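Start at 1 and go down the list; that is how both ligands and their atoms are numbered. Being a predicted model, the structure only gives us computed values, none of them experimental.
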Amino acid sequence: MMKEIVETKFKEIFGTEGRFKTYFAPGRVNLIGEHTDYNGGHVFPCALTMGTYATVREREDKILNFYSMNFDDLGILTSSIDNLVYNENENWINYPKGVIWALKNEGYNIDHGFDIVYYGTIPNGAGLSSSASLEVLTGFILKDMFKLDMDNTKIALIGQMAENKYVGVNCGIMDQFVIANGKKDNAVFLDTATLEYKYAPINLENEKIVIINTNKKRGLGDSKYNVRRAECEKALEELQESGLQIKSLGDLTEKEFEEHKSAIKDEIRQKRAKHAVYENQRTLKAVQALENNDLELFGKLMVESHNSLRDDYEVTGIELDTAVEEALKQEGVIGARMTGAGFGGCAVSIVKTDKVENFIKNVEKGYREKIGYNPEFYVVEIGNGVRAI
Ligand code: GLA
């Protein structure tokens, strides 16, 4: 079991004395509602059973000793709760450091350090939220360690704050939220304008969720992510200046958008805003379709979502487009689309269980022929949110 593997490593690195505890936070896949979470729209993600594990022991001094089994060659990276400055060279520990920084920033009392070993089973840079998982895991551990008065939504907000203000990626709340609040066999239908949410059971009796990892790392994606966000903010401003009484693009229906879109003075920005509005409405329709047990319609909306992300939002690229195109050619596919920020990373598909084997074989072949290297596949289960294990 993973728990034993991480605890064994912990003892090897930091010794056997004292009390330690082990925790888990999942990764996530978003089924629909992409690039809507910073536009006051809805999202529909679920937590995965793959994720990040950590074993931790409190220290009496202010030292922070970080070790990741994913980066064994880096060894123990040491910091201190009194020195939480972002350091580009310090690599992955900026995420947990950012969470401690955000907690202190919010007035929580963090007065001693800890030794910690992390182990992640989510592929890095694949767009399945390995970094949000690390953030929420760390927030949850600190809540437990210092008996902090906060719920899981607050932990998610702390994680987002670390990402926005410390790491410098202006992400929305979706990833941290579902990692904190996810529930086995359910997707989380979240209104990002209010943070109200409800669980929606995903009863796939004869289908599986299959994730296709393009194996194209995101790289420059993060900076383009910030550009998209800025484009949407500018478009919103233009609509507001023209007299529209809205707080976010998520407030608009398709019809209202079409009536007012000429207020957005740039063609590209108009396309970006169009995606944000239509994708939000699509998410509402998709959740409704699922409630009506209309999986076919859900799949159709997934495909429309991908097309909009490709043509209007322009965050797909040849690898994601090829993965989805190949997926849609296969027998037994219900729907497929890119998931997460885009620019690389993963696509998500829903496939008839008895066709999954062929699906994987054929998509792999088609993808390799066009892109030149293999994708990877994960047939995933929907798991619970962050917890002690
Ligand atoms: C990334 C961000 C999320 C969200 C998605 C796109 O995963 O972290 O907040 O914006 O991209 O839907």
May I ask you to establish whether Lys355 and Phe359 are in a cation-pi arrangement, using a distance under 6.0 Å from NZ or CZ to the six-membered ring centre and at most 45° from the ring axis?
-> no

Qualifying residue for side-chain contact (heavy atoms from CB on, under 4.5 Å) with Glu376, from Ile360, Ile212, Ile211, Asn213 = Asn213

Between Asp37 and ligand 1, does any nitrogen or oxygen pair lie at a separation below 3.5 Å?
-> yes

Show which atoms of ligand 1 fall inside a sub-4.0 Å distance from at least one heavy-atom site of Tyr38.
-> 10 (O)

Can Arg28 be said to touch ligand 1, with heavy atoms closer than 4.0 Å?
-> yes

Residue Gly172 vicinity, atoms of ligand 1 by number, heavy atom under 4.0 Å = 9 (O)

Just jot down the ligand 1 atoms closer than 4.0 angstrom to any heavy atom of Tyr225, in number order.
-> 1 (C), 2 (C), 3 (C), 4 (C), 9 (O), 10 (O), 11 (O)

Proximal atoms of ligand 1 relative to Met174 (non-hydrogen, under 4.0 Å) = 4 (C), 5 (C), 12 (O)

If you count the atoms of ligand 1 from 1 in the order shown, which ones are under 4.0 Å from a heavy atom of Gly340?
-> 6 (C), 11 (O)

Ser133 versus Ala25, closest heavy-atom pair with distance = OG-O, 3.0 Å

Could you tell me whether Glu259 atom CD has more than 12 heavy atoms of other residues or ligands within 6.0 Å of it?
-> yes

In ligand 1, the atoms that come under 4.0 Å of a heavy atom of Asp175 are 1 (C), 2 (C), 3 (C), 7 (O), 8 (O)

Atom of Lys285, atom of Glu254 and distance for their closest heavy-atom approach = NZ-OE2, 2.9 Å

What distance do Tyr108 atom OH and Ile100 atom CD1 have between them, rounded to the nearest 0.5 Å?
-> 15.0 Å

Check ligand 1 against Cys171 and write out every atom of the ligand that is under 4.0 Å from a heavy-atom position of the residue.
-> 2 (C), 8 (O), 9 (O)

For the student: nearest non-hydrogen atoms of Arg337 and Asn30, plus distance | NH1-O, 3.0 Å

